[in-house]
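Structure first, commentary second.
Below, all heavy atoms of this structure are taken into account, side chains as well, without hydrogens, waters or symmetry copies. The first residue of the sequence shown is numbered 1, and numbering continues consecutively from there.
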Amino acid sequence: MAVARMNMNCSIQSSLSCILKPSYFFNFKTTQFKNRLYFPQNHLISSKRSLLCTCSGNFQAGEKAEPFVITTPLYYVNAPPHMGSAYSTIAADAIARFQRLLGKRVILITGTDEHGEKIATAASACGSSPREHCDVISQAYKMLWKDLDIAYDKFIRTTDPKHEAIVEEFYFRVLAKDDIYRADYEGLYCVNCEEYKDEKELLENNCCPTHLKPCVPRKEDNYFFALSKYQKPLEEILEQNPDFVQPSYRLNEVQGWIKNGLRDFSISRAAVEWGIPVPNDNKQTIYVWFDALLGYISALLEDKEQISLQSAVSSGWPASLHLIGKDILRFHAVYWPAMLLSAGLSLPKMVFGHGFLTKDGMKMGKSLGNTIEPNELVHKFGADAVRYFFLREVEFGSDGDYSEERFVNIVNAHLANTIGNLLNRTLGLLKKNCQSTLVVDSTIAAEGKDFKDTVEELVEKARINYENLSLSSACEAVLEIGNAGNLYMDKHQPWSLFKQGGAASEAAAKDLVVVLEAMRIIAIALSPVAPSLCRQIYAQLGYSEDQFDNINWSETKWGGLKGGQVMAQPKPVFARIEQIKENENGAEAAPQKVVKKKEKKQKVQGVIEA
């Protein structure tokens, strides 16, 4: 077997001394080179800031509150958005919405990664320039995020001039630490991953384990980042901060990679024109990952703000949470922390690697014809249904499966029946018997009833699960409130009590208040997952748009509904989905009813998919 080899143009000292003390990460012996690379004097740094923030939540008087910064991956624009991209972003949006409910200043960052060999190839295949191609695909992401109710705060494109300026400044910082050198490299290269592969991780015939395509031999004269220099620091970080990589089994993966030994990696490409030029060598472009990872920082720059690394960092870095797919874990949990250490910048507080989606138990692939198109899904069933199914049915962090039959069954059972029908029938009884007006405060109505305690326990359970990123369990806890409400209605049967009149009728009116208070709490607690549905629920309870937009988690406390409040006229908040069924001859036997139907949007033209 061929062995990848590196022929150094510059020598590196083999020994590194590290001392475990507060200034540990800045006490490396600098690597010496025969040919020192030039960098401008104003890019020299001497920062000794804390590298891994363990946010305590305590701030000095008058100090601006530290934001909760959450990032999705910056999606590669070689092809239109797919369901994996949508899943990452839906999850990030739900977490961001929950953090906003807690009163935190949240910055949700998403965007597109627009440089590299695959982008140029995709553009060429459809007869457009790389810039035109990137504009089309980037806009497709924005359109999908709008359809999915993604409330992002920052959308960064790596072709933005401000991003390129940040990359250049960061490059010089790392160069100043003697962590960039030039060398020849020969090895097996995966074009789809845009990285050299260690032969130990390849499958038969040197196939990439991710893309299942043969890697090609390639030899280049590139610039390299001294990743091996940060082997010990990264080991210490993971040992001292086990929550840095989550779930825990992902941490084990990362520790295994590091234990096997870190190798310096190429941060430039001589054969790729579509990219940011290496600042001190315009014949090469910066490697797409060394470029794209910095989008998490460049995104923080405010409009019209001075473009500098310090300005970006002071606007919210470090990130509280990087949310990524498990296939890009190495870049975020090994390469990225080492790069930040080199530049003297703080590390993100957590990297969370979620699993993959399958369809009908099979891995998805265009060749199999079984991919899930997110645009089709959301236009057919609506954003709330899509968001709820994937967050409820996929244990966050693990792989998850999609089948349309299960999708329809889950959405109908949970959203249409348990939640939607409970609200509709309760409001119907209130309209018929109480002129849609609450007879007493919900606190009074719940006196002596265990139901209130049950709801409060489930709300607290949902909060804990949201905070622990157990999104499926959070959904389950909120749904249990709906189940408890339905059981309460079936047990007390207010429709029968109203017929009896007198005290029985008064008790029935109070029962309706109790159930509607539970619905109010559901509308808040489920809003991170199904925001449009919860907005409709809140409106039917007599609240305004502004009131919904300004809710916070503390309002899940029992007692929000007051006597005399007038509810809106009852109408279904979530239509049941009816599937098409076929008879033995294959003919459609029943029409299909969908949650939300929009005119089919014109598909993005002129692109190819990976």
Side-chain angles (χ1 to χ4, degrees), residues 412-462 477-527 530 533-544 547-548 551 555-576:
N412 279 344
H414 296 185
L415 301 185
N417 294 351
T418 299
I419 293 175
N421 188 51
L422 176 61
L423 175 66
N424 194 253
R425 66 172 175 154
T426 308
L427 287 175
L429 285 169
L430 189 73
K431 177 184 178 182
K432 180 179 179 180
N433 299 283
C434 305
Q435 293 75 52
S436 295
T437 304
L438 303 184
V439 295
V440 294
D441 293 356
S442 54
T443 303
I444 296 173
E447 287 177 352
K449 299 182 186 296
D450 293 336
F451 181 74
K452 171 178 172 288
D453 296 333
T454 298
V455 171
E456 288 178 337
E457 289 171 6
L458 288 169
V459 166
E460 178 61 11
K461 185 177 179 181
V478 178
L479 185 71
E480 282 301 310
I481 299 175
N483 288 332
N486 280 294
L487 287 173
Y488 183 92
M489 287 284 280
D490 293 342
K491 177 181 178 181
H492 291 266
Q493 300 186 356
W495 51 89
S496 297
L497 296 178
F498 277 122
K499 293 177 182 178
Q500 298 175 28
S505 182
E506 291 177 6
K510 289 182 179 180
D511 288 336
L512 298 186
V513 175
V514 167
V515 174
L516 290 173
E517 174 67 5
M519 289 304 310
R520 184 192 69 82
I521 292 169
I522 287 173
I524 299 172
L526 195 62
S527 65
L533 170 64
C534 293
R535 182 181 294 274
Q536 292 180 67
I537 295 172
Y538 223 60
Q540 292 223 356
L541 296 176
Y543 293 103
S544 68
Q547 285 174 305
F548 181 79
I551 57 174
E555 293 175 67
T556 56
K557 182 179 180 181
W558 189 278
L561 292 180
K562 305 299 180 183
Q565 275 187 248
V566 179
M567 304 290 101
Q569 295 300 303
K571 59 181 180 180
V573 292
F574 198 94
R576 183 179 174 82

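The two residues F548 and S527 have their closest heavy-atom pair at CZ-CB, 4.1 Å. Closest approach of N424 and P570 over heavy atoms only: ND2-C, 3.9 Å. Across every non-hydrogen atom of I537 and M519, the tightest pair is CG2-O, 3.9 Å. Summarising the geometry of L512 relative to P494, their closest heavy-atom pair is CD2-CG, 4.1 Å, with the distance given to 0.1 Å. Summarising the geometry of E555 relative to I524, their closest heavy-atom pair is O-CD1, 3.6 Å, with the distance given to 0.1 Å. Across all their heavy atoms, L422 and G482 have their closest contact at CD2-O, 3.7 Å.
Legend: residues meeting side-chain contact (heavy atoms from CB on, under 4.5 Å) with S496, ordered by chain and number and at least two apart, are Q493. Every side-chain contact (heavy atoms from CB on, under 4.5 Å) that A445 has, sequence neighbours left out, goes to V440, K510, V513, V514. Not a single side-chain hydrogen bond (donor to acceptor under 3.5 Å, both in side chains) links E457 to another residue, sequence neighbours left out. With sequence neighbours excluded, the residues satisfying side-chain hydrogen bond (donor to acceptor under 3.5 Å, both in side chains) with E456 are K452. Residues satisfying the side-chain contact (heavy atoms from CB on, under 4.5 Å) test with A507, not counting sequence neighbours, are none. Scanning for side-chain hydrogen bond (donor to acceptor under 3.5 Å, both in side chains) contacts around S442 gives E517, with sequence neighbours left out. Qualifying side-chain contact (heavy atoms from CB on, under 4.5 Å) partners for E480, counting only residues two or more places apart in sequence or in other chains: L458, N483. Residues passing the side-chain hydrogen bond (donor to acceptor under 3.5 Å, both in side chains) test with Q500, sequence neighbours excluded: none.
Of the possible donor and acceptor atoms, one in the side chain of T437 sits under 3.5 Å from a partner among the backbone N and O of Q435.
Within the structure, every pair that satisfies the ring-ring contact (aromatic ring centres under 6.0 Å, His included) test and touches residues 485-524, not counting sequence neighbours, is listed here: F451-Y488, Y488-H492. The list of ring-ring contact (aromatic ring centres under 6.0 Å, His included) pairs with a residue in residues 415-447, not counting sequence neighbours, is empty. The salt bridge (charged side-chain N to carboxylate O under 4.0 Å, His left out) pairs that include a residue from residues 491-509 number zero, where partners must be two or more places apart or lie in different chains.
Heavy atoms from other residues, nucleotides or ligands lying under 6.0 Å from CG of D490 number more than 12.
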Distance-only check: which donor-acceptor pairs under 3.5 Å involve side-chain atoms of residues 427-434, not counting sequence neighbours?
from	atom 1	to	atom 2	distance (Å)
K431	NZ	Q569	OE1	2.9
N433	ND2	L429	O	2.9

